[in-house]
Amino acid sequence: MSISTSVLSDLLKSLPYLRPQLYFKASLTALSHAMEDQVLAATLAQPLIIASFQRERFYRQEAHRYQRLALRSNQIYVLSAPETDFTNRSEEYEKVAFETEDALSHEWHLVVIADNYATCLVCRENLGSIAKNKQLPELSPSLDMDTARRFEGVWTSERGVSLKAAELLLDRILVYRPELASKIEEARQRFGVGEPRIYSGAEQVNEYACDIDTDPFVQRLLTYLQASQYKLHKAYRSIAAQARKERLVNSISTAIRRSLDPHEVLQVAAQELGQHLEACRCLIYRAQAADSQAIIEHEFLTPGIVSVRGQTWELEKNFLFRDIVEQGEGICVSDTLSDPRVANSPGLSLIAKKFAIRSWLMEPVFSQGRLLGIVELHYCRMPPHECQPGELDLVKAIATQVGAALIQAEAYANLEELNQQLEALDRTRSNLIAITGHELRTPLSTIQVCLESLASEPDMPLELQQLMLNTALSDSERLRKLVQDFLTLSNLESGRVQWHPESLTLQECVDLALSQNRTRSLTEKPPKIKTQIAQNLPLVRADGDWLVEVLAKLLDNACKFTPPEGEITIKAIHNNDQMVEVTVADTGRGIEPNLLEVVFDRFYQEEGALRRTTGGTGLGLAICRQIVNGWSGEIWAESIGKDQGSQFHFTIPTVQVSRQEKRTKVKSK
């Protein structure tokens, strides 16, 4: 027997009076379950049951039912095309794995023959519906795989038809499972399969009276189910049409989200939208409500259409654009020759004529109520394009996606900037942990050792006790300065500092800073410090305490990196009418040119947080920058390179003298 033949075709050839009907997949499922339930509800047992599934995955959905049926009969045969582990096997029932090339892979069979009733369902899937279904957009599996599948075949309770169907299927089973020949022969003899017996309707009822008659109920159920399935299928076609539009929106959404580059986003959207709506030209350009012009940068063209890329679109007197801005809705001009908005506008008429625009569709790109751009579709061929009911909605959906993509691109650019700031903060945090850990641990350890020694060694010589106390006091002062620097920088950066500007002489502030510098540890020999302050410097206007703080920290920084044999110079010149420039120069270690700006960052350490030869937190120069910025001055560093010395400059505003005061001073001279 050829495995390429169809069981349904063979059945119709053998019984030409049969007329196949059309069934939806859900109807076949209901019929199959009704036939199986009839077996489970019958008082008599041991029927012959033959079920054929197209694929193993369909069989797995019903496997639990056949385990229950196996309790009623030992003559159960289940056929399926294997996909994973379905193989020829004898278990609770017989499994028959047929080849995927077999015509059974497109059919669905269920035959039940008992002593007192018989029913059969023999159907073949409509391959035309399969091909049509593949052209539809992919929806949920329940709609795509079930609702759209249709079968043609025969369902009947006529015993003669059931016996013939059983004969054809048992022959097919023997092709794949010849070892079941004796078991199949037993079924043939018991139920009369293959015997040339033909019964009339009356004889069949008399000889095979059913103890359960479900046929009228199933007929009504099938009629109702078929009608429902027809309505559902009609609704499915409407859903499929809508789904095609949604698929377009989704495909464009996916395409424009592949890139965060706004230019690429707009070009992809113009290309996809123009192709799907079969427009001659599709333009997308940026424009805001107050713009008077827009430059066309993104365009889709069909062959033979003139490009407008690079053209400047006048928007100020563009009636279509102004209507969009005022109404916030898209516009569709079916015929530019007859539409008054175009015909009465010389500018729009010229554009329509120059670029052969016969039908014109415009849609705004909004995001959060803000106009970001315009989408235009041009139809340049005859006859004029009539906007379909869903076209404006479709273009509106695409415009919404474009707006979201543009906002996303802007957000991404802002996010990059924020990421850079976060990276800087993370570096600051790491430096803070490393530096504070080192700067706090070292003096605390020293203080602890000194105090423990004083407490545990009462007989310690007085000279050594004094040394321990001096060391503890020195390191406690170091800790105090560390905490003070943290608080100072925090207050400066948060704006909590109260400035008290006053008129000052710079020489006085320099002297105070030098006095503070001399109070450093006597164990350190400072480099030579000299001053070059011009005698005719004007008064400066600044907060005296903070100005001394800047000078002291710059001097302290210069002393740290200048050897004892080196030299530090403090200079001041009258830079212009409004500023005095102060310079603290040294002959010390110097700074690499690429680090001249970085040295003012918080926690910057030239030698690294844990490998430096000088103390400090790296906050001094950061504090100086905040203070100088507070009085609207500038601060910067200069250096030729390593071991070439460095110069730190900052400016201070001078006390402004009115013209009348200047004339008074001149007269007094």
Side-chain angles (χ1 to χ4, degrees), residues 135-137 241 244-259 261-287 293-315 318 320-321 324 330-339 341-343 345 347-365 373-403 405-406:
Q135 298 174 358
L136 296 176
R244 281 193 291 271
K245 297 179 182 178
E246 293 179 0
R247 184 175 62 175
L248 168 61
V249 175
N250 292 335
S251 66
I252 295 180
S253 309
T254 302
I256 64 180
R257 279 178 170 78
R258 289 173 185 164
S259 172
D261 181 3
H263 297 287
E264 186 174 347
V265 166
L266 296 181
Q267 186 57 43
V268 169
Q271 188 76 19
E272 292 288 333
L273 184 59
Q275 286 180 346
H276 281 81
L277 291 185
E278 299 180 349
C280 297
R281 185 188 295 114
C282 179
L283 310 177
I284 300 181
Y285 52 90
R286 288 176 176 267
Q293 292 181 335
I295 299 177
I296 309 301
E297 296 180 344
H298 310 284
E299 175 186 60
F300 161 78
L301 291 176
T302 56
I305 301 299
V306 177
S307 173
V308 299
R309 188 189 299 270
Q311 296 284 333
T312 299
W313 242 226
E314 296 294 336
L315 303 178
N318 186 325
L320 300 181
F321 178 77
I324 288 176
I331 292 176
C332 183
V333 177
S334 299
D335 192 344
T336 56
L337 297 179
S338 58
D339 191 285
R341 292 169 296 186
V342 178
S345 171
L348 292 179
S349 298
L350 180 62
I351 291 175
K353 183 178 180 180
K354 182 178 180 180
F355 299 109
I357 305 174
R358 191 60 187 268
S359 299
W360 203 337
L361 190 150
M362 297 178 65
E363 181 66 32
V365 177
I374 297 291
V375 177
E376 291 193 17
L377 293 172
H378 300 168
Y379 295 88
C380 305
R381 299 187 177 96
M382 292 293 293
H385 178 78
E386 294 290 337
C387 293
Q388 299 301 315
E391 280 187 347
L392 269 176
D393 293 337
L394 181 59
V395 178
K396 187 187 295 293
I398 301 304
T400 301
Q401 297 298 323
V402 171
L406 290 175

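Source: prediction; values computed, not measured. Position 1 is the first residue of the sequence; numbering continues from there.
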Counting distance only, does the side-chain N/O of [X] pair as donor-acceptor with the main-chain N or O of [Y] below 3.5 Å?
X      : Y      : result
Arg281 : Leu301 : no
Glu299 : Ser307 : no
Thr336 : Ile357 : yes
Ser349 : Val342 : yes

What is the minimum heavy-atom distance between [X] and [Y], and which atoms define it?
X      : Y      : result
Trp360 : Glu376 : NE1-OE1, 3.0 Å
Ala287 : Ile374 : CB-CG1, 4.5 Å
Asp335 : Pro384 : OD2-CG, 3.8 Å
Cys280 : Cys380 : SG-N, 3.3 Å
His298 : Gln267 : CA-OE1, 3.3 Å

State, yes or no, whether a side-chain contact exists between [X] and [Y] at a heavy-atom distance under 4.5 Å.
X      : Y      : result
Trp313 : Leu283 : yes
Val308 : Tyr285 : no
Arg341 : Ile331 : yes
Leu320 : Leu348 : yes
Glu314 : Leu350 : no

Legend entry - Stepwise side chain to side chain contact (heavy atoms under 4.5 Å, CB included) test for His385 and Leu277: CA-CA 11 Å; His385 178 78; Leu277 291 185; over 6 Å; no
Inset, instruction - Under the side chain to side chain contact (heavy atoms under 4.5 Å, CB included) rule, what do Arg358 and Leu337 come out as? Steps first, then yes or no, please. - result: CA-CA 7 Å; Arg358 191 60 187 268; Leu337 297 179; 3.4 Å; yes
Legend entry - Spacing of SG belonging to Cys332 relative to CD belonging to Glu363, to within rounding of 0.5 Å: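 Reported to 0.5 Å precision, the distance equals 10.5 Å.
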